[in-house]
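Read the structure below first, then the notes.
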Amino acid sequence: MAAVKIRVLVVDDEPLARERVRQLLQEEPDIELIGECPDGLSAVQAIRKHSPELVFLDVQMPELDGFGVLEQVSREKMPAVIFVTAHDQFALKAFEVHAVDYLLKPFDKERFKTALRRAVDQIGRQQTRELSQRLGALLADVRTQPRAKYPDRLAIRSSGRVVLVKVDDIDWVEAADNYVSLHVGREEHLHRETMSALEAQLPPEKFMRISRSTIVHLDRIKELQPLFHGEYAVILRNGTSLTLSRGYRDKLDQLLGRIS
């Protein structure tokens with residue numbers, strides 16, 4: 001599974017200051033610099049459009065200063081913020097608006113890394129907490145939905161015999177050419193059926209299709225981990241890692257609310 005990178009925006013009206021932060025960020029393998037802004041107005045637009053997880057934000061800028069930027073960004077879009085400025089009188093106000101840290105120019109490499117580590121730790125804790133809360137809400141919600149009648153067992157024809165598989169024992173399902181493969185504990189059963197036809201036989205309060213080729217039992221999900229381009233790793237309790245495709249996020253979003 002690819003490592004998740006934290007998306008960072010740098011905002012400063014001084015080109016040399018932006019260059020300094022950019023050079024230090026290039027040394028960080030877990031950071032993706034998504035853009036730079038020379039003023040507050042363009043910063044507001046960039047934050048709304050690209051939803052960075054972290055912003056290095058200069059305090060003093062023409063037209064709209066760093067605090068003004070935060071006032072114009074909605075709470076849903078609010079990233080973690082490290083303020084950067086040459087004037088220490090803004091430090092108290094920076095922490096009053098819940099900045100992760102405050103870099104006073106000129107800062108050295110070690111001070112920069114300390115601030116960045118604090119931000120990365122905070123972002124990681126926040127993402128994990130939000131995903132856990134939303135996954136818990138999902139399971140609580142779907143269990144209270146009215147239940148239609150679905151089969152308790154599936155009859156799987158294999159080598160001249162019929163194996164009865166309890167639907168609730170299925171951990172996950174994957175497409176296999178003209179078949180589907182049912183993963184049941186340590187066993188795997190090939191069933192001659194299409195994914196769409198099988199999906200219609202599975203109770204939606206328990207099963208969800210997360211890609212064209214994968215259906216998962218919701219009770220087997222341990223955690224969700226963000227990947228690239230809107231995809232998520234779905235980690236099951238047995239350690240299996242599946243992928244929630246971007247094209248299927250809307251089904252999950254309807255129950256979780258927006259993940260991103």
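Bear in mind that the values here come from a model prediction, so they are computed numbers and not experimental data. Quick note: residue numbers are just sequence positions, from 1.
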(message) Set out, in order, the CA-CA distance, both residues' side-chain angles and the distance that settles side-chain contact (heavy atoms from CB on, under 4.5 Å) for Leu164 and Leu154, then state yes or no.
(response) CA-CA 6 Å; Leu164 295 179; Leu154 297 178; over 6 Å; no
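- Here CG of Leu103 is found 9.5 Å from CG of Leu116. Values are rounded to the nearest 0.5 Å.
- The side chain to side chain contact (heavy atoms under 4.5 Å, CB included) test with His191 is passed by exactly one of Val163, Val173, Val180: Val180.
- Of all heavy-atom pairs between Thr85 and Asp58, the closest is CA-OD1, 3.9 Å.
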(message) The test is side chain to side chain donor-acceptor pair (under 3.5 Å); show your working for His217 and Asp169 and say whether it passes.
(response) CA-CA 9 Å; His217 195 309; Asp169 289 343; over 6 Å; no
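- Remark: Lys105 NZ is packed, more than 12 non-hydrogen atoms of other residues, nucleotides or ligands lying under 6.0 Å away.
- To the nearest 0.5 Å, atoms OG (Ser241) and CG (Leu227) are separated by 7.5 Å.
- Residues Leu9 and Gly35 come closest through the heavy atom pair CD1-O, 3.3 Å.
- Judged purely by atom type and a 3.5 angstrom limit, Arg7 uses its side chain to pair as donor or acceptor with the backbone of Ser51.
- You'll find the ring centres of Tyr248 and Tyr232 outside the 6.0 Å limit.
- Counting heavy atoms from C-beta outward, Leu64 and Asp39 have side chains that stay 4.5 Å or more apart.
- Considering CZ of Arg192 and CZ of Arg157, their distance stands at 12.5 Å, rounded to 0.5 Å.
- Rounded to the nearest 0.5 angstrom, Asn238 CG and Ile235 CD1 are separated by 10.0 Å.
- In this structure, Val167 and Arg153 approach most closely via the heavy-atom pair CG2-N, 4.0 Å.
- Other residues, nucleotides and ligands contribute at most 12 non-hydrogen atoms within 6.0 Å of the CG atom of Asp177.
- In this structure, Ala155 and Val162 approach most closely via the heavy-atom pair CB-CG1, 3.9 Å.
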(request) Would you please test Lys166 and Glu187 for salt bridge (charged side-chain N to carboxylate O under 4.0 Å, His left out) and show each step? (result) CA-CA 13 Å; Lys166 289 184 64 176; Glu187 298 179 351; over 6 Å; no
(message) Let's go through Asp12 and Arg18 carefully: what are the C-alpha distance in whole Å and the side-chain angles of both, what is the deciding distance for salt bridge (charged side-chain N to carboxylate O under 4.0 Å, His left out) to 0.1 Å, and is it a yes or a no?
(response) CA-CA 6 Å; Asp12 200 306; Arg18 296 199 303 273; 5.8 Å; no
(request) Start with the C-alpha distance between Thr243 and Ile210, add both sets of side-chain angles, then the distance that settles side-chain contact (heavy atoms from CB on, under 4.5 Å), and finish with yes or no. (result) CA-CA 7 Å; Thr243 299; Ile210 60 174; over 6 Å; no
(message) Using side chain to side chain donor-acceptor pair (under 3.5 Å), reason through Thr214 and Glu174 one step at a time and then give a plain yes or no.
(response) CA-CA 5 Å; Thr214 309; Glu174 65 178 330; over 6 Å; no
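- Remark: side-chain polar atoms of Ser211 are paired, donor with acceptor, to backbone N or O of Ser213 under 3.5 angstrom.
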(request) Step by step, work out the ring-ring contact (aromatic ring centres under 6.0 Å, His included) result for Phe56 and Phe112. (result) CA-CA 11 Å; Phe56 285 87; Phe112 178 87; 5.2 Å; yes
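- Across Val21 and Phe107, no two heavy atoms sit closer than the pair CG2-CZ, 4.1 Å.
- More than 12 heavy atoms of other shown residues, nucleotides or ligands fall within 6.0 angstrom of atom NZ in Lys113.
- Atom CD of Glu63 has 12 or fewer neighbouring heavy atoms from other residues, nucleotides or ligands inside a 6.0 Å radius.
- For the residue pair Glu223 and Gln225, a side-chain donor N or O sits within less than 3.5 Å of a side-chain acceptor on the partner.
- By the 4.0 Å N-to-carboxylate-O rule, Lys206 lies too far from Asp219 to be salt-bridged with it.
- Summarising the geometry of Asp171 relative to Val184, their closest heavy-atom pair is OD2-C, 3.9 Å, with the distance given to 0.1 Å.
- The CZ atom of Arg212 lies 9.5 Å from the OG atom of Ser196; values are rounded to the nearest 0.5 Å.
- Pro79 pairs with exactly one of Ile6, Val55, Val8 by the side chain to side chain contact (heavy atoms under 4.5 Å, CB included) rule, that one being Val55.
- Leu218 is listed as a side-chain neighbour of Ile221, based on a closest heavy-atom distance under 4.5 Å.
- You'll find the ring centres of Phe83 and Phe67 inside the 6.0 Å limit.
- Screening Arg117, Arg111, Gln122 for a side-chain hydrogen bond (donor to acceptor under 3.5 Å, both in side chains) with Asp101, the sole residue that qualifies is Arg111.
- Arg48 meets the salt bridge (Lys or Arg N to Asp or Glu O under 4.0 Å) test with no other residue; sequence neighbours excluded.
- Ile170 and Met208 sit in two unconnected hydrophobic clusters of ILVMFWY residues. Membership requires side-chain heavy atoms under 4.5 Å apart, directly or through other members.
- From Arg246, atom CZ reaches atom CD of Glu231 across 9.0 Å, with rounding to the nearest 0.5 Å.
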(message) The test is side-chain contact (heavy atoms from CB on, under 4.5 Å); show your working for Val10 and Arg22 and say whether it passes.
(response) CA-CA 8 Å; Val10 176; Arg22 180 174 65 248; 5.8 Å; no
